[in-house]
Peer 1: 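Provided herewith is a single structure, encoded as structure tokens, for subsequent inquiry.
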Amino acid sequence: MLKRVRGILKQPLFHFFFIGALLFALYYLVNPAPNNRETIVINDEQLTRLQLVFEKEWNRKPTEEELKGLLTRYIQQEVYYRKALRMHLDENDEIIRRRLEQKLRFVTNDMANLVEPNAEDLQKFYAANKSRYLEPKKYSFTHIFFSPDKRKNPEEDARRVLKSLPPLPDNNPAEWIKKGDLFPFASEVDSLSAKELDQSMGDGFSAKLDTMPIGKWVGPVVSGYGSHLIFIKEIKVPAEKNFSLIRESLLRDYQYQLQNDYNTRLFNEFRKDYTIEFNVKDPKFDKQLLTKLAAGNE
């Protein structure tokens, strides 16, 4: 029985509830819960300001989904701001609203950092997030380049050359590379990840190689530079990393996720104390859109 109790005491979830209970007990001890919910009013001024800030940064109007996100962020900040004032986090400190919100976030982040996961916790986290820690897929291939700047129809030229190529690259690659044009980078690619390959050849290039056979000349394959005939030597599939080698990364990501979980739970609890009310009269704001925004922030 004692061993079981000790096991429970070591659980991160127990730490969260225990520390959270202390936090809320302290808060409600000095700030008794009010009888009435506060109301956060969203009016023309707030919506216009949110749109103007977005337009200034992105040089375009926000989409419906982006405006919804901006509004959700504003409401979250307002809830944190008011709750922080109730908790007197602003006393003797000249800081702006965002800083007050950050103070509350720091509290929950500290709660997460106090939790020291054991090996079993990290193993479970790793098992649930293995795709984030895989060695990336790697591509190795040889290619012949056909430039649109030097040819009227590079793809047609590539098809013609393809018919004359030997089944396998010979020991003198310079000779058959000469059948194409000078490529600005290497004609022999060795162990590049999909991300590296797409950065150098253009988005989606690696995905094209995934559909092609290994050990055979194929093409033409179009890149951001032109057309290519490609001989794929090898595609290394993603592989799991050794747990001991990534333990520090796992611990950092585990606590970061725990911080996000704590912040979400704390905000959802705070959010219950506020009613969101829309008082927008400007006709430029679509009524149906406002109804959607209001429903999404209930």
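None of these values were measured; they are calculated from a predicted model.
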Peer 1: Could you state the interatomic distance from CD1 (Ile232) to NZ (Lys216), rounded to the nearest 0.5 Å?
Peer 2: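 That separation rounds to 11.5 Å.
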Peer 1: If you measure from OH on Tyr256 to CG on Asp261, what distance do you get to the nearest 0.5 Å?
Peer 2: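 CG of Asp261 is found 11.0 Å from OH of Tyr256.
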Peer 1: Given side chains that start at C-beta, do those of Arg60 and Phe54 come closer than 4.5 Å, heavy atoms only?
Peer 2: yes
Peer 1: Do Ile230 and Leu209 make a side-chain contact, defined as non-hydrogen atoms from C-beta onward lying under 4.5 Å apart?
Peer 2: yes
Peer 1: Under the side chain to side chain contact (heavy atoms under 4.5 Å, CB included) rule, what do Arg82 and Ile40 come out as? Steps first, then yes or no, please.
Peer 2: CA-CA 10 Å; Arg82 296 189 185 193; Ile40 297 174; 3.7 Å; yes
Peer 1: With side chain to side chain contact (heavy atoms under 4.5 Å, CB included) as the test, would you mind laying out the steps for Arg86 and Asp273 before giving the verdict?
Peer 2: CA-CA 12 Å; Arg86 282 191 187 181; Asp273 292 341; 4.0 Å; yes
Peer 1: Just verifying a value: how many Å separate Ile235 CD1 and Ser140 OG, rounded to the nearest 0.5 Å?
Peer 2: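 It is 9.0 Å, given to the nearest 0.5 Å.
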Peer 1: Within the 4.5 Å heavy-atom criterion, are Tyr133 and Asp253 side-chain neighbours or not?
Peer 2: yes
Peer 1: Does any N or O in the side chain of Thr275 come within less than 3.5 Å of the main-chain N or O of Thr39, such that one atom is a donor and the other an acceptor?
Peer 2: no
Peer 1: Report the C-alpha separation of Gln257 and Asn260 in whole Å, then their side-chain angles, then the decisive distance to 0.1 Å, and conclude whether the side-chain hydrogen bond (donor to acceptor under 3.5 Å, both in side chains) test is met.
Peer 2: CA-CA 5 Å; Gln257 182 171 306; Asn260 288 335; over 6 Å; no
Peer 1: Going by an N to O cut-off under 4.0 Å, is there a salt bridge joining Lys124 and Glu120?
Peer 2: yes
Peer 1: Answer yes or no: is there an ion pair linking Lys150 with Asp181, defined by an N-O contact shorter than 4.0 Å?
Peer 2: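 Answer for the salt bridge query: no.
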Peer 1: Determine the interplanar angle of the His228 and His143 rings, folded into 0 to 90°, and report it as parallel if under 30°, tilted if 30 to 60°, perpendicular if over 60°.
Peer 2: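 Geometry flag for His143 against His228: tilted rings.
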Peer 1: So, do Asp210 and Tyr139 sit near enough that their side-chain heavy atoms are less than 4.5 Å apart?
Peer 2: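 Yes, at least one pair of side-chain atoms sits under 4.5 Å.
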Peer 1: Please say whether more than 12 non-hydrogen atoms of neighbouring residues, nucleotides or ligands are located less than 6.0 Å from CD in Gln199.
Peer 2: yes
Peer 1: Can you tell me if Arg49 uses its side chain to pair, donor with acceptor, with the backbone of Leu52 under 3.5 Å?
Peer 2: no
Peer 1: Kindly assign one of parallel, tilted or perpendicular to the pair Phe141 and Phe205, based on the angle between their ring planes and the thresholds 30° and 60°.
Peer 2: tilted
Peer 1: Could you grab the distance from atom CD of Gln255 to atom CG of Leu258, nearest 0.5 Å is fine?
Peer 2: 7.5 Å
Peer 1: List the steps and the verdict of side-chain hydrogen bond (donor to acceptor under 3.5 Å, both in side chains) for Tyr225 and Asp149.
Peer 2: CA-CA 9 Å; Tyr225 296 95; Asp149 297 328; over 6 Å; no
Peer 1: Is there a donor-acceptor pair under 3.5 Å between the side chain of Lys236 and the backbone N or O of Ser191?
Peer 2: no
Peer 1: Kindly compute the distance separating OG (Ser193) from CD (Glu135), expressed to the nearest 0.5 Å.
Peer 2: 10.5 Å
Peer 1: Give me the atom names and distance for the closest heavy-atom approach of Trp217 to Leu162.
Peer 2: CB-CD1, 3.7 Å
Peer 1: Are Leu165 and Ile144 close enough, and set up right, to give a side chain to side chain contact (heavy atoms under 4.5 Å, CB included), and what steps lead you there?
Peer 2: CA-CA 11 Å; Leu165 289 175; Ile144 306 173; 3.9 Å; yes
Peer 1: Does any non-hydrogen side-chain atom of Lys83 lie less than 4.5 Å from one of Glu38?
Peer 2: no
Peer 1: Apply side chain to side chain contact (heavy atoms under 4.5 Å, CB included) to the pair Phe278 and Leu71, showing each step before the final yes or no.
Peer 2: CA-CA 11 Å; Phe278 282 76; Leu71 184 59; 3.4 Å; yes
Peer 1: Between the side chains of Arg159 and Glu155, is the shortest nitrogen-to-carboxylate-oxygen separation below 4.0 Å, so that they form an ion pair?
Peer 2: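 Here Glu155 pairs with Arg159 in a salt bridge, since their nearest N and O are under 4.0 Å apart.
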Peer 1: Under 3.5 Å, side chain of Gln46 to main-chain N/O of Asn43, donor-acceptor pair present?
Peer 2: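 Looks like yes, one N/O pair under 3.5 Å.
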Peer 1: Counting C-beta onward and ignoring hydrogens, is there a side-chain heavy-atom pair between Tyr254 and Asn129 closer than 4.5 Å?
Peer 2: no
Peer 1: Strictly distance-based, threshold 3.5 Å: is any side-chain N or O of Thr48 a donor or acceptor partner for the main-chain N or O of Glu45?
Peer 2: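 Side chain of Thr48 to backbone of Glu45, a donor-acceptor pair under 3.5 Å: no, none is there.
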Peer 1: Give me the atom names and distance for the closest heavy-atom approach of Lys233 to Ile214.
Peer 2: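 Looks like O-CG2, 3.5 Å.
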Peer 1: State, yes or no, whether a side-chain contact exists between Leu50 and Arg73 at a heavy-atom distance under 4.5 Å.
Peer 2: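 Leu50 does not reach Arg73 side chain to side chain.
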Peer 1: Minimum heavy-atom separation for Gly226 and Pro148, please, with both atom names.
Peer 2: CA-CD, 3.7 Å
Peer 1: Going by heavy atoms in the side chains, are Tyr74 and Ile42 under 4.5 Å from each other?
Peer 2: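 Touching, per the 4.5 Å side-chain cut-off.
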Peer 1: Quick check on the hydrophobic clustering: are Phe183 and Phe146 connected, directly or via other members, by side-chain heavy-atom contacts under 4.5 Å?
Peer 2: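 Different clusters: Phe183 never reaches Phe146 through Ile, Leu, Val, Met, Phe, Trp or Tyr contacts under 4.5 Å.
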Peer 1: If I take atom CZ from residue Arg151 and atom OG from residue Ser227, how far apart are they, to the nearest 0.5 angstrom?
Peer 2: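 The CZ atom of Arg151 sits 9.5 Å away from the OG atom of Ser227.
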